[in-house]
Amino acid sequence: MSGGPSVAVALPVPVDRLFDYAAPADLFPGGPPPPGALVEAPLGSGRTVGVVWGPGGASWGGASDPPAALKPLIRALEAPPLPEPLRAFIARAADYTLTPIGMMARLACRAPGLGEPAPERAVLRLGPGAPDRMTPARARVLDVLAALGGAGLSPGDLAREAGVSASVAAGLEACGALLRESAPRDAPYPALDPEAAPAALSPAQAAAALAARAAVAQAAAAQPGAGGFSTTLLQGVTGSGKTEVYLEAVAEALARGRQALVMLPEIALTAAFLDRLAARFGAAPAAWHSGVSGAERRRLWRAAASGAAQVVIGARSALFLPFARLGLIVVDEEHEGAYKQEDGALYHARDMAVLRASCEGAAALLASATPSLESWVNAETGRYRRLTLPDRYGPATLPRLAAVDLRRDGPARGRWIAPPLAKATAERLAAGEQTLLFLNRRGYAPLTVCRACGHFFECPDCDARLVEHRLRGKLVCHQCGHAEPQPAACPSCGAADRLAATGPGVERLAEEAAALFPQARVALLSSDTAAGPAALRAQIEEIAGGGADVIIGTQLVAKGHNFPLLTLVGVIDADLGLANGDLRAAERTFQLIRQVSGRAGRAERPGLALIQTAAPEHPVIRAILAGDEEGFLRREAAERQAAGSPPFGRMAAAILSGPDEAKTWEAARALARAGGPLEAVGARLFGPAPAPVARIRGRFRVRLLVKAPRTAPLQPALRAWIAAAPPRGGVRLAVDVDPQSFL
DNA sequence: AGCACGCCGACT
DNA sequence: GTCGGCGTGCTC
C-alpha cells in the first residue's frame, strides 16, 4: 500500500466486499477514523454512509484487489462509533445469513440525523443578576425556575408553565436575571428503578426468577465476551406468569448497571406492555419499532450508545441498536413467525438475539407457551437452559379435546359443520355462551369450477388457484395478491350461472352458520373483513365483550385477544395445513390448533374443543387430541433429523428466476451439475407451489437447496459454486437462507 | 441497492 | 431522425 493511511469500509451495497478509502491527514488530523466509525464516502457517482471496518487492505471475502488510487473519504459523521461487540455481531450475522456485510451494517445505522451533531435547543435558567423590578408575572417565572433547581426550560415552555407571555421572560433575560443557554434537545430517559414495584411471585415463578436472575448476574459479572453468555428457554402456558419472571431478569440487569432489550413480535402490543413496565419500574422504558418517529429514533439510538437507555422494548430491528453494555435480551413469544425478517436482509430475530447476546456476553431469555421446535431441541440437547412454569390453575383450565370423525359423522355435501359440532353449538347458544368456529381459509371458496365445461380459475401470474371473495365480489390470488372481478359467466364456454364454488372459506362458513342458527348473532373475523388494524382491534374487542354468539374466524383469532365468554371451539378442518408439503406444516398446524383450542373456557369453566378431521389416526392430529406437546416435538424433531432438515444443519437456497421456463430450468440444472458445495444439492422445492419450476408474478423460479453442517463456511462455498456455472440468458440468481435457528 | 451505459420500439 | 424502455454491469 502507498499514498497515506487508508481504511476498509462496509458500504450498504449487496457485494461481499469491503471498500478501501484514503483517509488523508488534512481531512483526518487525528488519524484515520477508528473501526466502527460512521463515515460518508463517495461511491460511483453519488455518496453513501458506511461503517469503518478496519485498516485499508483488509479483505472481507472479496477476491479482487483494490485499485491503486483510492478515493478519499468525505467526512466522519458526528456519531459514536459502533461498539466492537456490535461489529462482531454484524459480521457473524452477515456470514450466517449469507448477507453482504455492508447490508447488515446498514441496519445498525438506521437513525436519522446521525451526520449532524446531537441537536441542541435554547433554554432559560436562573442567572446571576437580580431583576431590575419585580412584578407578579416575573415572580411566577422565577418561581417556576426555582422549583426546577438548576435546570432550565425552553422559552416557550417557561412562558406556558408560568402562565405569562414570552415578553416577560425576555425582559428578565435582558436584565440578566435569566440566562440563555444551549442544552441537548433530546430529553434524557427517566431512570428506572428495579425495586419500584416488585411483583408478588408464586413459588414456581420465584424459583424460575431466581434462575433467570442468576443467568443475568453471571453475564454481568463476566468480562464482555468472556463466558457470561447463556441462553435460557422459559416455557410456561398462557397465564402462568412468564412476564413477571422475565421482568425479574430485567430488574437484575438494571440493578447491575447493564442494559436490557425486550423483543416483542407485535408492535401493536407495545403500548399496553409499556404501561406494564412503567408500573413495575416506576417509569416507562424506551420503545423502538417502525412506528417510532424520527426524532425519537435519533434520541434512542444515541441513548442506547451512551447507556442512558436502560431498557428498550423493541421489534426485530432493535437488535441492531448500538448498546453500550447490554446484559440481557428477552425474546417474548419466541415461536412467533413475525420474528422472521424476509425482505432485504434475511434473518430470524430470535436466532440473531441469541447471537447478539453471545457477542455481548449477555444473557438471552426466550419465552414462550409453545416453544418453537428449534428452541425445544436446543433445550433438550442442553445447548439452552430450560425453565418451566406449571399452569397456575392446574389442568382444569385446559379445554377438553374431542375429535369429530368426518368419515363417520361428517356433514351433508356442501356443508362443513358436522352434526356433533352443530349440536354442541346449539347447546352453547341456549346457555348464552360463545362458540368459535375456526377455519384457516379466507374468502368464500378456494376453488371456482364451471359445471358446464370444468374450467377453473387460475392466477395469470402464478400457479395458484383464485379464491372467491364474495363479500368483495372478486377472485383473489392468495399467493401474489392478484385480484379480478368475479365473472357472471364462464370465460371458457360462456355458460351463465354454471360457476360453482367448491370447498369452504370463512365467508361461506358464516353463511352456513347463519342458516343453521337463525337466532344467533354470527360474526366473521378475518383480515379481509376489517378496514384496518385499529378497526379490527375494535371489532375483536366488541365481539369478545359479548357482541356475537358464534364467531367465525381465521388464524387471526388464535393470537392476542382473550374471549372470556367462549366455551366451545370448533376446528372445521384440522387436516387443512397438513397436506401442503411445507417443511413446517405439521409444526404450524399443531401450534395453531392448540392455540385456538385453548381459547375455549377459562379457569372456573373449562371449555370444549371439537376437532373435525378425516384422519383422526394421523400422528399430528393424535398428538393434538392428546395434548401431547412433548411427544409431538420429539417425533417431529426425529423426523426432521432423519430428513436432514433444520434444525440439524444449515439450509440455503439458490433461487434462479427468469422470464422463460426452459432457460430458467436449464440454468438451475447447470448449477446443480457444477457440483454442489459441501453436501448434496438437489432441485427440491419448498413452499406452496407443487412444481419444481414455480411461476410467481409472471417469472419462473427454481430453488436449489444447499444443506451444510452448522459450522461450515457456507459463504465462500456458495461463491465458488455460482462462479462455476453463472446463469445466463436473462436468468437471475439470488441466494436465500431459510432464516431459522441452527445455533 | 442505486446508477450509468447500451441497444431496440413509437413519437415530434 | 430522437426519446425512452429496462437488461447488464459496476461501485474502492
Side-chain angles (χ1 to χ4, degrees), chain A residues 1-25 27-28 32-77 90-91 93-94 97-112 114-115 317 320 341-347 461 655-664 666-667 670 697-701 715 719 722-723 725-737:
Chain A
M1 292 297 291
S2 64
S6 68
V7 289
V9 181
L11 296 177
V13 291
V15 180
D16 275 346
R17 190 190 330 147
L18 296 173
F19 290 74
D20 284 352
Y21 285 91
L27 272 171
F28 299 94
L38 273 49
V39 292
E40 196 175 355
L43 181 70
S45 59
R47 50 178 59 186
T48 183
V49 170
V51 180
V52 174
W53 219 254
S59 66
W60 193 86
S64 65
D65 290 327
L70 300 181
K71 292 186 186 176
L73 290 175
I74 295 166
R75 63 174 179 139
L77 302 190
I90 289 168
T97 62
L98 306 177
T99 304
I101 192 161
M103 299 302 281
M104 205 47 108
R106 182 170 74 146
L107 300 178
C109 314
R110 281 227 175 127
L114 289 179
S317 53
F320 294 88
Q341 168 75 37
E342 285 176 304
D343 47 53
L346 305 160
Y347 62 89
D461 294 337
I655 300 174
L656 297 107
S657 66
D660 175 281
E661 178 166 12
K663 282 207 179 89
T664 310
E666 184 44 47
R697 289 179 192 275
R699 285 181 71 85
F700 294 87
R701 292 167 55 117
Q715 190 102 250
R719 259 198 299 272
I722 293 163
R728 292 193 310 269
V731 178
R732 284 203 293 266
L733 175 64
V735 173
D736 181 23
V737 285

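Remember, predicted model here, so these are calculated numbers, not experimental data.
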Quiz prompt | Nucleotide of B/dC3, C/dC12, C/dT11 approaching A/Leu70 most closely (side-chain heavy atoms) | solution = C/dC12
Practice problem: Kindly point out which of C/dC12, C/dT11, B/dC3 is positioned nearest to the side chain of A/Asp20? | Solution: C/dC12
Would you mind reading off the distance between [X] atom [atom1] and [N] atom [atom2], rounded to a whole angstrom?
{"X": "A/Lys71", "N": "C/dT11", "atom1": "NZ", "atom2": "C1'", "answer": "7 Å"}
{"X": "A/Ile101", "N": "B/dA1", "atom1": "CD1", "atom2": "P", "answer": "17 Å"}
{"X": "A/Leu11", "N": "B/dG2", "atom1": "CG", "atom2": "P", "answer": "13 Å"}
{"X": "A/Arg106", "N": "B/dA1", "atom1": "CZ", "atom2": "C1'", "answer": "7 Å"}
{"X": "A/Phe19", "N": "B/dG2", "atom1": "CZ", "atom2": "P", "answer": "14 Å"}
{"X": "A/Met104", "N": "B/dA1", "atom1": "CE", "atom2": "C1'", "answer": "15 Å"}
{"X": "A/Arg17", "N": "C/dC12", "atom1": "CZ", "atom2": "P", "answer": "9 Å"}
{"X": "A/Arg110", "N": "B/dA1", "atom1": "CZ", "atom2": "P", "answer": "12 Å"}

Test [X] against every option in [options] by the side-chain contact (heavy atoms from CB on, under 4.5 Å) rule and name the one that passes.
{"X": "A/Val39", "options": "A/Val52, A/Val49, A/Ile74", "result": "A/Val52"}
{"X": "A/Trp53", "options": "A/Leu11, A/Ile101, A/Val7", "result": "A/Ile101"}
{"X": "A/Pro5", "options": "A/Pro24, A/Pro32, A/Pro55", "result": "A/Pro32"}

Quiz item: Is the backbone of A/Gly57 close enough, under 3.5 Å, to the side chain of A/Asp20 for a donor and an acceptor to pair up by distance?
Solution: yes
Exercise. Please work out if A/Pro14 contacts a base, only the sugar-phosphate, or nothing of the nucleic acid, heavy-atom cut-off 4.0 Å.
Key: base
